[in-house]
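Counting starts at 1 for both ligands and their atoms, following the listed order.
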Amino acid sequence: MAMKLYYNPHSRAVVAKWMLDEAGADYEIVPISLEKREHKSPEFLQVNPAGKLPALVDGRARLFENPAICMYVAEKYPQARLAPAVGSPERGRYLSLMVYSTAQIEPSMGDDIFKVPTPPGRGWNNVETVKDVIEQELGFGPYLFGADFTAADVMVGSMFVWQRLIGGRSGRAKIDSYIDRLLERPMAPKLS
Ligand SMILES: N[C@@H](CCC(=O)N[C@@H](CS)C(=O)NCC(=O)O)C(=O)O
């Protein structure tokens, strides 16, 4: 039975879709209308009690939060080689970057967009510090794990792709060229 991706093209569900497409996964789309508030329906809240997109159902498994969905898909399709092997030294940095994407990059960008200072003690750094971290983690690239494109590129890259979608750029040459590279991938989200 194919997995079900609860999806709206104008939502963060494009991140999960990108990952599923990179993995060559067998899935079907369940369209969710945000206008009709289908993401708050009792049926959908059974899948994701937070009432947010995306969500993924695979038989009796249900997942919400993009990093969890991407890690699950990477594990389910090991032949796609979208994650460092369990037990390898790269695995720790991979897990860290997966969580870092929505725990630190996303809220720091939100602060930046809404022009609110990032107060100390909130659990994430300000956007310039976050960009320093990503520049360092990119090393010589071309991806976060050298020549190997992984789910970490989907998650970290998506944060900056989203910034492009709303008309912004990182302002860091290294990150901007990384995002250009990601957007050239055939499965990457389209900006228009
Ligand atoms: N941290 C979540 C964010 C999910 C999220 O905020 N989704 C938005 C769509 S872009 C949503 O469903 N918003 C509708 C709402 O909160 O009512 C993830 O990475 O999956």
Of all protein heavy atoms, the one nearest atom 16 (O) of ligand 1 is K52 NZ, 2.6 Å

Of E65, E106, R12, M155, the one whose closest heavy atom lies nearest atom 1 (N) of ligand 1 is E65

One finds that the ligand 1 atoms under 4.0 Å from a non-hydrogen atom of K40 are 15 (C), 16 (O), 17 (O)

Worked check of side chain to side chain donor-acceptor pair (under 3.5 Å) between Y27 and D21
CA-CA 9 Å; Y27 71 99; D21 291 339; 2.6 Å; yes

For H39, the atoms of ligand 1 under 4.0 Å from one of its heavy atoms are 14 (C), 15 (C), 17 (O)

heavy-atom search around atom 12 (O) of ligand 1 in the protein gives L53 N, 2.8 Å

The atoms of ligand 1 lying under 4.0 Å from a heavy atom of S11, numbered in the order shown, are 9 (C), 10 (S)

If you scan protein heavy atoms around atom 20 (O) of ligand 1, the nearest is N66 N, 3.0 Å

In ligand 1, the atoms that come under 4.0 Å of a heavy atom of P54 are 20 (O)

Besides V47, the hydrophobic cluster formed by Ile, Leu, Val, Met, Phe, Trp and Tyr side chains linked at under 4.5 Å, directly or via other members, contains Y6, V30, I32, L34, F44, L53, V57

| message | Less than 4.0 angstrom from a charged side-chain N to a carboxylate O is my criterion; do E137 and K174 meet it? | response | no

Using a strict 4.0 Å threshold on nitrogen-to-oxygen distance, state whether R164 and D180 make a salt bridge. yes

Side chains of L56 and L20, heavy atoms from C-beta outward: is any pair under 4.5 Å? yes

Keeping R93 on the side-chain end and L144 on the backbone end, is there a donor-acceptor pair under 3.5 Å? yes

